[in-house]
Structure formats: C-alpha cells, structure tokens
Amino acid sequence: MTDVLISAGELAEFLKKEPCVVIDTRNPDAYGAGHLPNAVNVHEIFTYLATSTPEGMAELKTKFADAFGAAGLSGKETAVIYEQSMNSGFGQSCRGYYLLTMLGYPKIKVLHGGYDAWAAAGLPVTKDVPSPVKASFSIVPEAGDILIDARTMLAAVGKPGIALLDVRDIDEWIGESSSPYGKDFCPRKGRIPGAVWLEWYRMMKPTAEGPRFKSKNEILAECATVGITPNTPVYLYCFKGARASNTFLALKNAGVKDVRMYFGSWNEWSRDPSLPIEEGLPTDARITGRAA
C-alpha cells in the first residue's frame with residue numbers, strides 16, 4: 001500500500017525531492033495551532049455537503065477545482081493531504097483524495113497517520129501561513145465516473161452483482177441515529193435497501209503510533225465477509241462521503257477494481273421521502289442473503 005499512503009518519514013524525504021502542494025484538511029483552529037511547513041488549509045474538503053442534482057454535481061466539481069487551483073495545484077505537483085489522525089477526522093484527508101481522484105488529478109498522496117504521525121516523528125511544524133500562487137486546475141471529465149448520484153444508487157437497489165456498501169457507524173446502520181451530528185439531524189433513520197455493512201473503522205487497526213490502514217490482504221478479507229471480491233462493483237455511501245472516502249482509499253489500494261461513491265450519501269437520501277429505506281434491525285436472513 002505504498003502508492004497513495006505515505007509515512008511521515010517518507011514524506012519528509014519526498015518533499016525535498018518533488019514539487020508538492022501540502023493540504024491540511026483540519027479546522028482553522030487546529031491549523032492555526034501548528035501545521036506542516038507550507039501547508040495550505042482547505043477545511044471545506046470536509047465540510048462541504050454535496051447534492052446529486054446535475055447542478056449540484058457540477059457545483060461540487062467547479063468548487064473544488066477552484067479551491068485546489070487556489071492552493072497551487074496545476075497537475076505538475078503532487079498533492080499531499082492530511083488530517084489529524086486516521087480516525088479522528090471522519091476520513092477527511094481521504095475525502096480530499098477522493099475529490100482529487102474524481103476531478104482527475106494525476107498525483108496524490110495521503111499522509112498515513114496524519115499530523116499526529118508527523119509531530120510524533122519530531123518533524124518540523126510551523127504557524128506560518130503560506131501565500132500559494134494560484135494555479136490553473138483542469139478537470140478530467142471521465143474521472144468523474146466514480147461519483148454517482150441518487151438515481152444511479154436507486155437503480156442499483158436489488159441488482160445482483162453490485163454491492164451497496166454502507167460504512168457508517170453502527171448506530172446509524174441499525175437505524176438508531178440519523179447522522180454523526182445527532183440522532184435526529186436527518187428526517188429519516190435507516191439504510192439503503194439491500195446494503196451490506198462494513199463499519200469504516202474496520203479498514204484500519206490500532207498500532208503503537210495510532211490507527212493505520214490494514215494490509216491489502218486484511219482489507220480483502222474484511223470485504224469477503226460481506227461477499228465483496230476484487231471484481232465486485234462497489235457503490236459506497238456514508239453520511240456525506242468522508243468516512244466512505246476512507247473506505248474508498250482502502251479498497252482501491254487493496255485492488256478492488258470498480259469502486260464508486262454516492263457522495264450525497266445518507267444526508268441526501270434520507271431527506272427525499274420518495275427514496276426507499278430499510279428501518280430497524282437488519283435481519284440475519286437479509287444479511288446472509290446479500291453476502292451469498
């Protein structure tokens with residue numbers, strides 16, 4: 001798993017050799033208290049809520065092409081993205097990875113272990129705020145295939161062969177809470193019918209240095225528990241596409257070929273009463289039926 005994830009020590013060396021734009025996805029207060037040298041703060045990578053109308057999806061692409069261009073990404077530099085740690089920011093650095101991939105950006109790294117790993121290694125941090133030179137950021141339209149809308153998700157409900165993968169926390173999966181922001185943040189609780197569930201934390205494991213992604217084979221073993229193989233098309237969702245981005249990175253790195261994300265996720269699905277949901281406890285029959 002060396003292609004996207006980069007350790008703090010590797011990154012320190014990489015920054016000396018390659019042109020990079022370092023992007024801090026944390027909130028402005030955390031950024032202000034100390035960050036990697038020359039890191040640009042783009043917190044909206046995490047906060048932005050997308051809708052899957054054609055206008056909403058066009059706006060998502062334009063907004064982030066502008067934001068990444070303003071941070072100095074032209075296509076020549078490696079985008080290096082980080083959060084505080086791999087489990088404290090709901091996958092926000094991975095959401096940056098997903099957004100850049102969806103826009104077709106060619107070179108992306110995610111700091112494995114986040115800011116905590118960098119600081120723990122005794123590497124330099126600063127409070128200086130850089131003034132990036134705005135770059136022209138070009139969108140590659142066909143890269144957007146990994147972004148799917150509510151209509152595509154609905155068409156996949158009940159379709160054998162496509163795994164609808166819910167990676168939310170357990171209280172959301174069993175319909176006790178509608179979101180990480182409070183039980184009743186959204187009007188409906190439950191899940192997309194026929195979805196299988198792997199809580200996003202399962203892509204990672206604890207280490208002495210904090211959570212890190214599991215190995216490729218460990219991730220494939222987790223996938224196998226819900227009937228997902230490297231050849232299964234996977235449509236991911238969570239609440240707003242952050243935790244699912246953490247899983248997106250894990251599955252892509254593990255060699256699952258066709259992984260897409262319903263970025264509007266439960267925040268959008270639950271607010272449209274015309275879209276079907278399953279409520280209450282998932283039954284054993286339903287789980288084993290989907291995984292078979």
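- Taking a 6.0 Å sphere around CZ of Arg271, one finds it holds more than 12 heavy atoms contributed by other residues, nucleotides or ligands.
- Aromatic rings of Tyr48 and Phe64 (six-membered ring for Trp) have centroids within the 6.0 Å cut-off, being under it.
- Within 6.0 Å of CG on Asn38 lie no more than 12 heavy atoms contributed by other residues, nucleotides or ligands.
- For Glu268 and Lys240, the salt-bridge test fails: no basic side-chain N is under 4.0 Å from an acidic carboxylate O.
- The distance from atom CZ of Phe248 to atom CZ of Phe263, rounded to the nearest 0.5 Å, is 11.0 Å.
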(message) Between Arg243 and Glu172, is the salt bridge (charged side-chain N to carboxylate O under 4.0 Å, His left out) condition met? List the steps.
(response) CA-CA 13 Å; Arg243 291 170 291 180; Glu172 296 164 80; 2.7 Å; yes
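- Checking Glu83 against Ser88 by side-chain atom types alone, no donor-acceptor pair falls below 3.5 Å.
- For the side-chain hydrogen bond (donor to acceptor under 3.5 Å, both in side chains) criterion with Trp200, the lone passing option out of Asn246, Asp169, Thr247, Asn87 is Asp169.
- Paired with Ser177 under the rule side-chain contact (heavy atoms from CB on, under 4.5 Å), one option of Lys189, Arg168, Lys183 passes, and it is Lys183.
- The environment of Lys76 atom NZ is sparse: at most 12 non-hydrogen atoms of other residues, nucleotides or ligands sit within 6.0 angstrom.
- Using a 4.5 Å heavy-atom cutoff, the side chains of Thr25 and Arg95 are not in contact.
- Under a 3.5 Å cut-off, the side chain of Ser245 and the backbone N or O of Gly91 do not form any donor-acceptor pair.
- Salt bridge status for Glu222 with Lys214: present, with a side-chain N to carboxylate O gap under 4.0 Å.
- The closest side-chain heavy-atom distance from Val167 to Met203 is not below 4.5 Å.
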